[in-house]
Amino acid sequence: MKAVHFGAGNIGRGFIGALLFEAGYETTFLDVNDKLIQAINDQKQYHVALATDEKEETLVQNVSGINSASDTDAAIRAISEADLVTTAVGPNILQHIAKLLAEGLRKRYESNQQPLNIIACENMIGGSSALKEHVFTYLERAEQTVFSELYGFPDAAVDRIVPNQTHEDMLRVTVEPYFEWVVETADLKGGQPPIPGIKYVDELRPYIERKLFTVNTGHAAAAYLGYLKGYSTINEALQVKSIRAMLQGALKESGEALIRTYSFDRDEHAAYIERIIQRFENPHISDDVTRVARGPIRKLGPNDRLIRPAKLYTEATGEPAGQLAYIISAALKYNYPNDPEAMELQEQIKQHGYQKTLETIAELPASHPLTSAILNYLPA
Ligand SMILES: NC(=O)c1ccc[n+]([C@@H]2O[C@H](COP(=O)([O-])OP(=O)(O)OC[C@H]3O[C@@H](n4cnc5c(N)ncnc54)[C@H](O)[C@@H]3O)[C@@H](O)[C@H]2O)c1
Ligand SMILES: O=P(O)(O)OC[C@@H](O)[C@@H](O)[C@H](O)[C@H](O)CO
């Protein structure tokens with residue numbers, strides 16, 4: 001079985017690549033980082049180590065790489081021959097891989113009419129559906145009709161903390177032992193890809209929202225509050241009592257929103273939150289606050305980890321989500337100079353002020369009770 005995976009970064013190598021290998025796939029990584037692709041083709045294997053006392057290792061084999069920016073023909077051919085396509089490139093990059101993917105599907109259709117699934121493994125709601133929309137903009141109407149029948153874009157949720165890597169061997173990845181990969185069955189074509197690590201579900205929404213609004217909401221809280229106070233890692237930030245209390249308060253609010261929306265069991269959700277905080281505190285992982293805080297404009301989007309749970313809470317309880325509002329105010333102050341989105345955010349705030357910026361990027365109108373709760377924490 002052949003898999004093509006876009007994005008040979010942290011989650012690509014450390015999670016998806018490892019699970020594909022264990023399931024028996026031969027994986028071709030497509031990436032625009034030439035050094036990474038060269039290293040994959042030189043070594044033809046890499047190690048994934050667990051962040052535990054025992055540091056258990058898996059040797060991931062049967063891998064190769066293609067520079068999808070410079071060798072598009074080879075990338076298109078690989079897609080045309082694949083049994084499965086996955087991505088972990090970042091939500092904002094999906095639009096940039098769409099043309100190549102469309103050309104790969106077109107070439108594939110010329111030579112065989114076998115079904116194929118394309119699974120976007122990104123931290124976003126409806127990632128594969130969004131990728132499908134981008135891909136379809138490059139197809140003729142007749143192609144869209146045929147490809148809709150043949151090619152599935154099942155939405156997915158992925159959870160495993162993979163920090164930035166600092167090993168001498170650029171392919172080696174250290175990952176937390178926990179992982180969850182959930183795929184919605186509705187748009188699968190030609191049966192379920194035989195990957196033991198995947199949990200197939202009829203409806204993804206509760207899973208992705210529970211993950212995004214607990215793991216990623218909590219992570220964002222630690223990152224933005226930690227950055228403001230000058231801490232470098234998530235672990236350091238969590239040792240500060242006030243940050244920890246804010247994070248717990250924020251997860252109480254997002255938890256209330258989730259429990260009311262999806263009827264989750266209260267005790268089970270409280271235990272889920274505790275397990276996640278323990279994952280953040282894994283002593284074998286050093287996770288930079290700037291990795292977790294990256295892309296603040298995306299993270300302040302209307303359906304992302306801060307605004308959506310805060311809105312859900314406010315609507316469900318009639319009270320503004322005060323703790324989440326404080327974390328949103330911290331995210332609006334994020335000014336890490338090496339993060340282009342942070343710089344863009346600060347520029348927007350400088351030009352238009354906090355309220356207008358919130359209206360533009362978070363789609364929060366001035367009249368929403370959450371808006372005044374957030375603005376209360378910011379300079380006028
Ligand atoms: N790291 C984690 O803990 C984690 C966990 C769950 C989900 N995710 C999600 O996985 C995705 C990737 O995150 P990551 O941490 O692995 O990031 P990363 O930066 O380590 O990896 C992204 C990779 O995509 C490549 N890339 C960029 N543009 C490309 C293009 N046009 N074509 C092909 N490849 C391209 C980059 O060169 C890089 O190697 C994100 O959506 C993230 O939210 C990450
Ligand atoms: O990848 P992002 O930028 O959406 O979010 C940063 C982290 O919160 C994220 O990568 C987590 O480590 C991951 O989602 C854990 O499953």
Side-chain angles (χ1 to χ4, degrees), residues 4-19 28-37 39-40 51 65-72 75 78-79 85-101 104 119-125 127-128 130-131 134 156-165 170-171 173-176 178-182 207-208 210-224 226 234 247 276 279-280 282 285 287-301 303-306 331 334 339 341-342:
V4 162
H5 176 82
F6 281 88
N10 294 330
I11 209 78
R13 301 198 311 287
F15 182 16
I16 310 301
L19 260 65
T28 303
F29 287 100
L30 305 189
D31 203 295
V32 293
N33 179 336
D34 199 55
K35 274 197 181 146
L36 203 49
I37 292 301
I40 293 171
I66 296 172
N67 183 329
S68 48
S70 59
D71 199 355
T72 47
I79 296 165
V85 174
T86 51
T87 80
V89 287
N92 297 340
I93 304 291
L94 291 177
Q95 60 188 307
H96 301 300
I97 63 168
K99 183 164 184 280
L100 191 71
L101 193 45
I119 310 178
C121 304
E122 316 286 351
N123 275 341
M124 67 187 287
I125 294 168
S128 307
L131 178 58
H134 292 305
V158 286
D159 190 5
R160 172 172 248 181
I161 296 173
V162 190
N164 287 332
Q165 306 294 311
M170 78 179 294
L171 295 185
V173 209
T174 299
V175 302
E176 68 162 335
Y178 177 87
F179 68 81
E180 185 177 55
W181 185 0
V182 188
Y207 289 90
I208 181 91
R210 186 179 66 150
K211 189 265 168 172
L212 211 54
F213 303 158
T214 317
V215 181
N216 298 107
T217 302
H219 234 179
Y224 291 122
I234 295 296
L247 182 154
I276 282 161
R279 286 172 57 201
F280 293 163
N282 182 335
I285 281 184
D287 205 358
D288 300 335
V289 293
T290 51
R291 180 194 80 81
V292 177
R294 65 183 171 193
I297 295 183
R298 165 170 64 91
K299 291 191 168 111
L300 286 165
N303 292 318
D304 217 288
R305 65 209 69 191
L306 296 172
Y334 186 62
D339 187 319
E341 267 193 37

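One-based numbering, in listed order, for ligands and for the atoms of each. Atoms considered below: every heavy atom in the structure, side chains included; atoms not considered: hydrogens, waters and symmetry mates.
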Subject >> ligand 1 versus Leu36: contacting region, heavy-atom distance under 4.0 Å >> reply: side chain
Original post:
What is the nearest protein non-hydrogen atom to atom 20 (O) of ligand 1, stated with its residue, atom name and distance?
Top reply: Asn10 N, 2.9 Å
Original post:
Nearest non-hydrogen atom to atom 28 (N) of ligand 1 belongs to which of Val175, Asn216, Ile93?
Top reply: Ile93
Original post:
So which bit of Ile97 gets within less than 4.0 Å of ligand 1, heavy atoms only: side chain, backbone, both or neither?
Top reply: side chain
**OP:** Do me a favour and list the nearest non-hydrogen protein atom to atom 14 (P) of ligand 1 with residue, atom name and distance?
**Re:** Arg294 NH2, 3.9 Å
**OP:** Around atom 8 (O) of ligand 2, find the nearest protein heavy atom and jot down its residue, atom name and distance.
**Re:** His219 ND1, 2.8 Å
**OP:** Of the side chain and backbone of Glu180, name the one, both, or neither that has a heavy atom under 4.0 Å from an atom of ligand 1.
**Re:** neither
Original post:
Between Asp31 and Arg13, is the closest basic N to carboxylate O distance under 4.0 Å?
Top reply: no
**OP:** Check whether any N or O atom of Asp287, backbone or side chain, sits under 3.5 Å from an N or O atom of ligand 2, and answer yes or no.
**Re:** no
**OP:** Check each atom of ligand 2 against the heavy atoms of Arg298 and keep those under 4.0 Å away; list them by number with element.
**Re:** 2 (P), 3 (O), 4 (O)
**OP:** List the closest protein heavy-atom neighbour of atom 27 (C) of ligand 1: residue, atom name, distance to the nearest 0.1 Å.
**Re:** Val32 CG2, 3.9 Å
Original post:
Would you call Lys35 a ligand 1 contact, heavy-atom distance under 4.0 Å?
Top reply: no
**OP:** Return the residue, atom name and 0.1 Å-rounded distance of the protein heavy atom closest to atom 11 (C) of ligand 1.
**Re:** Glu122 OE1, 3.2 Å
Original post:
How close does the nearest protein non-hydrogen atom get to atom 21 (O) of ligand 1, and which residue and atom is it?
Top reply: Gly9 CA, 3.3 Å
Subject >> Any Met124 heavy atom less than 4.0 Å to ligand 2 >> reply: no
Subject >> Residue, atom name and distance, where the atom is the protein heavy atom closest to atom 22 (C) of ligand 1 >> reply: Ala88 O, 3.7 Å
Subject >> atom 5 (O) of ligand 2: the protein heavy-atom neighbour that sits closest, reported with distance to 0.1 Å >> reply: Arg305 NH1, 3.0 Å
**OP:** Record the part of Arg291 in heavy-atom contact with ligand 1 below 4.0 Å; permitted values are side chain, backbone, both and neither.
**Re:** side chain
**OP:** Have a look at ligand 2 and work out which part of Arg160, if any, has a heavy atom under 4.0 Å from it: side chain, backbone, both or neither.
**Re:** backbone
Subject >> Closest protein heavy atom (residue, atom, distance) for atom 3 (O) of ligand 1 >> reply: Val162 N, 2.9 Å
Original post:
With respect to atom 36 (C) of ligand 1, which of Ile11, Asn92, Asn33, Asp31 exhibits the smallest heavy-atom separation?
Top reply: Asp31
Original post:
Is it the side chain, the backbone, both or neither of Asp159 that has a heavy atom closer than 4.0 Å to ligand 2?
Top reply: both
Original post:
N/O to N/O below 3.5 Å, does that happen between Arg291 and ligand 2?
Top reply: yes
**OP:** Could you check atom 6 (C) of ligand 2 against the protein and tell me its nearest heavy-atom contact, residue, atom and distance included?
**Re:** Val292 O, 3.7 Å
**OP:** If you have a sec, work out which protein heavy atom is nearest atom 1 (O) of ligand 2 and how many Å separate them, to one decimal?
**Re:** Arg294 NH2, 2.8 Å
**OP:** May I ask whether Cys121 has any heavy atom positioned less than 4.0 angstrom from an atom of ligand 1?
**Re:** yes
